[in-house]
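Written out below as structure tokens is the structure these notes cover.
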There are 2 protein chains.
Amino acid sequence: MSKPPHQSQIRTDVRRQPDRQDGRRTSLNEILDSSYVAHVSFVVDGSPRVIPTLHARAGDVLYLHGSPAAGFLRAARKGQELCVAVTQLDGLVLARSAFHHSANYRSAVIYGAATRIEDPSEKRSALDTFVDAIIPDRRSSLREMTDTDIRQTEIVSVPLDEWSVKTRTGPPSDEEEDYALPIWAGVVPLTTVHGAPEPDHHTSPDLPLPEHLKKVLG
Amino acid sequence: MSKPPHQSQIRTDVRRQPDRQDGRRTSLNEILDSSYVAHVSFVVDGSPRVIPTLHARAGDVLYLHGSPAAGFLRAARKGQELCVAVTQLDGLVLARSAFHHSANYRSAVIYGAATRIEDPSEKRSALDTFVDAIIPDRRSSLREMTDTDIRQTEIVSVPLDEWSVKTRTGPPSDEEEDYALPIWAGVVPLTTVHGAPEPDHHTSPDLPLPEHLKKVLG
């Protein structure tokens with residue numbers, strides 16, 4: 001398989017376990033779209049920082065947002081590069097030796113400088129997209145954003161140009177001579193589930209659960 | 001409440017939303033012990049990197065392990081500082097305005113240089129601890145680690161000296177005038193669940209599910 005352009009950079013080549021690298025853009029999209037949390041790393045005075053935050057993909061960019069005072073947004077404003085990881089842990093892989101224990105996962109890492117969205121109407125539209133990426137169709141049920149809301153939120157986009165996807169699936173890989181040992185080996189699957197929505201005490205009991213929440217719950 | 005020593009550093013003071021900071025060491029332990037994945041960030045040629053990896057707490061240190069070729073372990077060997085985030089997302093917080101949407105979470109961030117564990121017997125013991133931190137009591141059911149297994153794995157410890165814990169719980173906080181709006185607001189809880197263990201095809205059907213896996217499943 002020829003290398004897609006996003007892998008032309010040294011840092012997106014998976015040096016270790018290259019069989020786990022997945023160069024498909026659809027795989028990147030799937031990981032980003034099915035996860036809520038991204039871990040954003042940046043550099044402050046030469047030291048690494050990493051913080052969790054919500055994210056939203058829109059086409060070829062990843063949106064990140066927060067208070068203008070948030071550390072990663074201050075780094076982004078200075079034009080500094082970010083590195084963003086989005087990870088789904090799918091299972092614990094239990095082998096017959098400690099050495100071959102592993103995890104099943106889907107992992108995306110994105111590198112790039114972020115662009116601040118400054119134009120108020122563009123910003124409003126990006127924030128709408130953000131809400132609907134977390135809970136599809138929720139935005140239209142909310143009260144309109146005020147100018148203050150928009151001023152108090154910063155939103156930036158990171159291009160999906162330089163990225164790397166790594167996945168592991170399937171049973172453990174043991175040493176050939178270990179397979180005959182009477183040791184239970186296999187996979188314990190892990191999934192994230194949505195619980196029953198808990199309305200706050202201001203929500204009228206007469207208000208039905210909105211359709212967009214029924215969809216999230218599957 | 002007086003500030004515990006781990007908060008003496010500027011970088012562990014939560015500047016934004018200081019009411020979300022939790023200075024209790026028991027909270028740090030709880031987050032680390034109930035999570036499988038850590039996101040480790042480090043700096044390469046001035047650029048940020050972040051990768052997901054399994055972790056294990058043992059007393060006052062966090063163990064990280066992997067192939068000696070792994071990027072974060074190479075950075076650690078050079079004495080470079082790491083920043084490690086462990087995050088549990090507990091719920092989506094749905095408010096009446098887009099602005100007040102949020103998430104319930106427990107987040108730990110640890111800063112520090114890692115110490116490589118070099119002595120083979122110390123390394124063996126740390127790796128045993130690692131396996132049992134992921135699946136309690138699993139280690140004793142496995143075949144012994146060989147010298148090659150131990151040589152091919154690197155394990156480092158990061159002291160739990162400089163850290164920060166931030167949490168959010170509870171319903172949305174809306175603008176006072178928004179509470180009366182006929183909009184469903186509240187929390188959609190999120191939890192990670194263990195599925196039924198899937199033995200690999202080398203595991204004899206006569207082999208019962210070990211007690212240590214029954215415990216993981218609750």
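Labels below follow one simple rule: chain letters A, B, ... track the order of the sequence lines, proteins then strands, and each chain is numbered from 1.
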Contacting region of Ile150(A) [heavy-atom separation from chain B under 4.5 Å]: neither

Ala185(A) backbone acceptor or donor facing Thr203(B) side chain under 3.5 Å: yes

Side chain, backbone, both or neither of Ala75(A) within contact of chain B (heavy atoms, under 4.5 Å): neither

Closest-packed option against chain A by number of heavy-atom pairs under 4.5 Å, given Ser102(B), Pro172(B), Pro52(B): Pro52(B)

His101(A) portion near chain B, given a 4.5 angstrom heavy-atom threshold: side chain

Any His202(A) side-chain heavy atom under 4.5 Å of Asp174(B) side chain: no

Greatest number of heavy atom pairs closer than 4.5 Å to chain A - which of Ala103(B), Pro182(B), Pro171(B): Pro182(B)

Per-residue contact mode, Glu175(B) against chain A (heavy atom under 4.5 angstrom): side chain

Criterion side chain to side chain contact (heavy atoms under 4.5 Å, CB included) against Trp184(B), the qualifying member of Pro210(A), Ser141(A), Pro208(A), Ser204(A): Pro210(A)

Between Ala85(B), Gly186(B), Pro199(B), the one whose heavy-atom pairs under 4.5 Å with chain A are most numerous: Pro199(B)

Per-residue contact mode, Ser107(A) against chain B (heavy atom under 4.5 angstrom): side chain

Non-hydrogen side-chain atoms of Glu198(B) and Pro189(A) separated by less than 4.5 Å: yes

Interchain contact, Ala180(A) with chain B, by part (heavy-atom threshold 4.5 Å): neither

Selection from Val131(B), Asp128(B), Val188(B), Asp149(B) maximising heavy-atom pairs under 4.5 Å formed with chain A: Asp149(B)

Distance in Å, Tyr179(A) OH paired with Asp200(B) CG, rounded so as to fall on 0.5 Å steps: 7.0 Å

Segment of Asp178(A) engaging chain B (4.5 angstrom heavy-atom cut-off): side chain

Contacting region of Leu127(A) [heavy-atom separation from chain B under 4.5 Å]: neither

Glu81(A) versus Ser47(B), closest heavy-atom pair with distance: OE1-OG, 2.9 Å

Distance-minimising heavy-atom pair for Ile183(A) and Leu207(B): C-CD2, 3.4 Å

Non-hydrogen atoms of Ser97(A) and Leu142(B) that approach each other most closely: C-CD1, 4.1 Å

Toward chain B, the part of Gln80(A) with a non-hydrogen atom under 4.5 Å: neither

Heavy-atom closest pair, residues Ala95(A) and Arg138(B): O-NH2, 2.9 Å

Residue among Leu82(B), Val187(B), Leu89(B), Thr153(B) with most heavy-atom pairs under 4.5 Å to chain A: Val187(B)

Test side chain to side chain contact (heavy atoms under 4.5 Å, CB included) applied to Ser41(B) and Val43(A), Ile51(A), Val50(A), Val40(A), the passing residue: Val50(A)

Between CG on residue Leu92(B) and CD1 on residue Ile135(A), distance to nearest 0.5 Å: 5.0 Å

Most contacts with chain A, counted as non-hydrogen pairs under 4.5 angstrom, among Thr192(B), Val193(B), Leu181(B): Val193(B)

Note, Leu213(B) side chain near Leu94(A) side chain (heavy atom, < 4.5 Å): yes

Side chain / backbone / both / neither for Leu190(A) at chain B, heavy atoms under 4.5 Å: both

